[in-house]
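Not measured: the values here are computed from a predicted model.
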Amino acid sequence: MCEFFEKFLHHVKGEWAGDAFVLGDWERDRIIRPLFGWKRPDGTRKYRKFYGEMGRKQGKSTIGAGHGLYLLFSDNEPGSEVFSLAADRDQASVIFDIARQMAEMEPELKSRCEIYRRSIVVPKTQSSYHVLSADAPSKHGKNSHGILFDELHAQPDRELYDVMKSSMGARRQPLMIMFTTAGYDRTSVCWEEHEYAERVAEDPALDPSYLPLIYAVDEKDDWTDPETWAKANPNLGISVKLSYLEEECRRAKDSPAYQNTFRRLYLSQ
């Protein structure tokens, strides 16, 4: 899986556009190696759900796109159905659009698939990757192998989550990946998932099939201290610049109305 990222995937936006996707230590060791390295006695993946919560601009969508392409092309699952999901179609397209551009840039992938505006199809294995959102008229009848939830905190209700979770039941080793910044609604499915992730992080035996990863500044920490910001920003200095967070922090100090936004979106509180 790590080799797939670094050999076949390239960045499509910003200062690294066109460069190979070189994984950071935290991406390799906290996400990819655990998810795809640990196996059950029958050889299938140990983990079936991943919850990743962190500040904005950590490259969540880019690494999510890489997971989607691996599950489509290289996971040895005939008829694989992979879905990018979000609260609305535009948000759901964020991860997929990056994946589509990655596939178009790499001849080894492009030669094996048919690329459309909102889907990628691999004819040889009858596998497909689609965009689906909470406002889609029909979300039933899926047979999901891979589910990529983007910004789970923005889901208006739990309907899409429940329908898609139930769609994985017939697969040999399905995988649901959830990336989000901290939410604001403590009655939401995201808050439920957040609390569950915290419990599993404290006691992995509670759910051996669940991999939680939460990067957040502690409530007792000084939210204005740059030394604490790395707790919520594992890509600090790479995809998010320290100078940018310093500017946003100054704005939060000057505007009490913006303080909550800064602490939620950038410090994952």
Side-chain angles (χ1 to χ4, degrees), residues 1-37 45 47 50 52 57-86 89-133 142-151 171-179 234-235 238-240:
M1 177 58 160
C2 294
E3 183 180 354
F4 178 85
F5 265 81
E6 300 190 352
K7 185 175 181 179
F8 298 113
L9 303 184
H10 296 78
H11 290 282
V12 301
K13 295 182 179 181
E15 60 186 298
W16 296 291
D19 291 350
F21 195 139
V22 178
L23 294 163
D25 290 344
W26 72 278
E27 294 168 319
R28 183 185 299 108
D29 296 336
R30 301 293 305 278
I31 301 176
I32 292 175
R33 282 177 169 164
L35 270 182
F36 291 87
R45 266 190 295 275
Y47 294 112
F50 168 79
K57 305 301 180 183
Q58 306 307 307
K60 298 188 295 294
S61 297
T62 304
I63 196 171
H67 280 80
L69 291 174
Y70 184 88
L71 294 170
L72 174 67
F73 284 101
S74 301
D75 207 33
N76 194 29
E77 181 73 16
S80 173
E81 292 183 18
V82 181
F83 296 94
S84 279
L85 309 175
R89 186 171 286 271
D90 287 342
Q91 184 65 48
S93 297
V94 170
I95 289 180
F96 175 82
D97 286 346
I98 295 173
R100 177 174 52 78
Q101 293 175 67
M102 285 177 167
E104 289 174 339
M105 291 174 65
E106 173 50 56
E108 291 286 353
L109 300 182
K110 187 175 181 180
S111 64
R112 289 166 165 78
C113 68
E114 298 171 357
I115 301 174
Y116 304 98
R117 184 170 174 234
R118 296 194 180 276
S119 65
I120 303 173
V121 177
V122 181
K124 184 176 180 179
T125 61
Q126 294 297 301
S127 298
S128 59
Y129 180 7
H130 299 274
V131 175
L132 189 63
S133 59
K142 312 301 181 187
N143 185 13
S144 304
H145 172 62
I147 294 173
L148 304 164
F149 255 113
D150 193 18
E151 299 297 4
R171 291 291 182 173
R172 182 173 56 98
Q173 53 171 2
L175 181 60
M176 178 186 285
I177 294 174
M178 297 166 282
F179 280 115
N235 247 17
I238 303 174
S239 61
V240 61

Taking all non-hydrogen atoms of both residues into account, name the closest pair between [X] and [Y] and its distance.
X	Y	answer
R112	P123	O-CD, 3.7 Å
L71	R45	CD2-NH2, 4.0 Å
E151	K60	OE2-CE, 4.0 Å
S127	G79	OG-N, 3.5 Å
G18	H10	O-CD2, 3.3 Å
A65	A99	CB-N, 3.6 Å

Check your understanding: Is K110 salt-bridged to E106, going by a charged N under 4.0 Å from an acidic O?
Key ->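 E106 and K110: not salt-bridged.
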
**Study point:** R171 bridged to D75 by N-O distance under 4.0 Å
**Key:** no

Do the side chains of [Y] and [X] get nearer than 4.5 Å, heavy atoms only?
X	Y	answer
F50	P34	no
P78	Q126	no
L109	M102	no

Review point. Does L23 offer a backbone N or O that forms a donor-acceptor pair with the side chain of E6 under 3.5 Å?
Key: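 It does hold such a pair.
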
Practice item. Using atom types as modelled and distance alone, determine if a side-chain donor or acceptor of S80 lies under 3.5 Å from a backbone N or O of G146. Key: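 No; zero donor-acceptor contacts below 3.5 Å.
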
Any chance you could measure [X], atom [atom1], to [Y], atom [atom2], to the nearest 0.5 Å?
X	Y	atom1	atom2	result
L9	K7	CG	NZ	12.0 Å
Y70	L35	OH	CG	11.5 Å
K142	F83	NZ	CZ	5.0 Å
Y116	H130	OH	NE2	10.5 Å
L72	S128	CG	OG	7.5 Å
L148	L85	CG	CG	7.5 Å

Practice item. Could you walk me through whether F36 and Y47 pass the ring-ring contact (aromatic ring centres under 6.0 Å, His included) test, one step at a time? Key: CA-CA 8 Å; F36 291 87; Y47 294 112; over 10 Å; no

Check your understanding: Are the aromatic ring centres of F21 and F8 under 6.0 angstrom apart?
Key -> no

Point to revise | Trace of the side chain to side chain contact (heavy atoms under 4.5 Å, CB included) decision for K57 with N235 | key: CA-CA 8 Å; K57 305 301 180 183; N235 247 17; over 6 Å; no

Study note, to complete from the structure: The salt bridge (Lys or Arg N to Asp or Glu O under 4.0 Å) partners of E3 (sequence neighbours excluded) come to none

Check your understanding: Can you name the residues that form a salt bridge (Lys or Arg N to Asp or Glu O under 4.0 Å) with R172, not counting sequence neighbours?
Key ->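 By the salt bridge (Lys or Arg N to Asp or Glu O under 4.0 Å) rule, R172 matches E77.
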
Exercise for review: For S84 and D150, run side chain to side chain contact (heavy atoms under 4.5 Å, CB included): C-alpha distance rounded to whole Å, both residues' side-chain angles, the deciding distance at 0.1 Å, then the answer.
Suggested key: CA-CA 7 Å; S84 279; D150 193 18; over 6 Å; no

**Study point:** Counterpart residues, side-chain hydrogen bond (donor to acceptor under 3.5 Å, both in side chains), relative to H67 (two or more places apart)
**Key:** none

**Study point:** Evaluation steps, side chain to side chain contact (heavy atoms under 4.5 Å, CB included), between I120 and F96
**Key:** CA-CA 9 Å; I120 303 173; F96 175 82; 3.7 Å; yes

Exercise for review: Apply side chain to side chain contact (heavy atoms under 4.5 Å, CB included) to F4 and I32, showing your working.
Suggested key: CA-CA 11 Å; F4 178 85; I32 292 175; over 6 Å; no

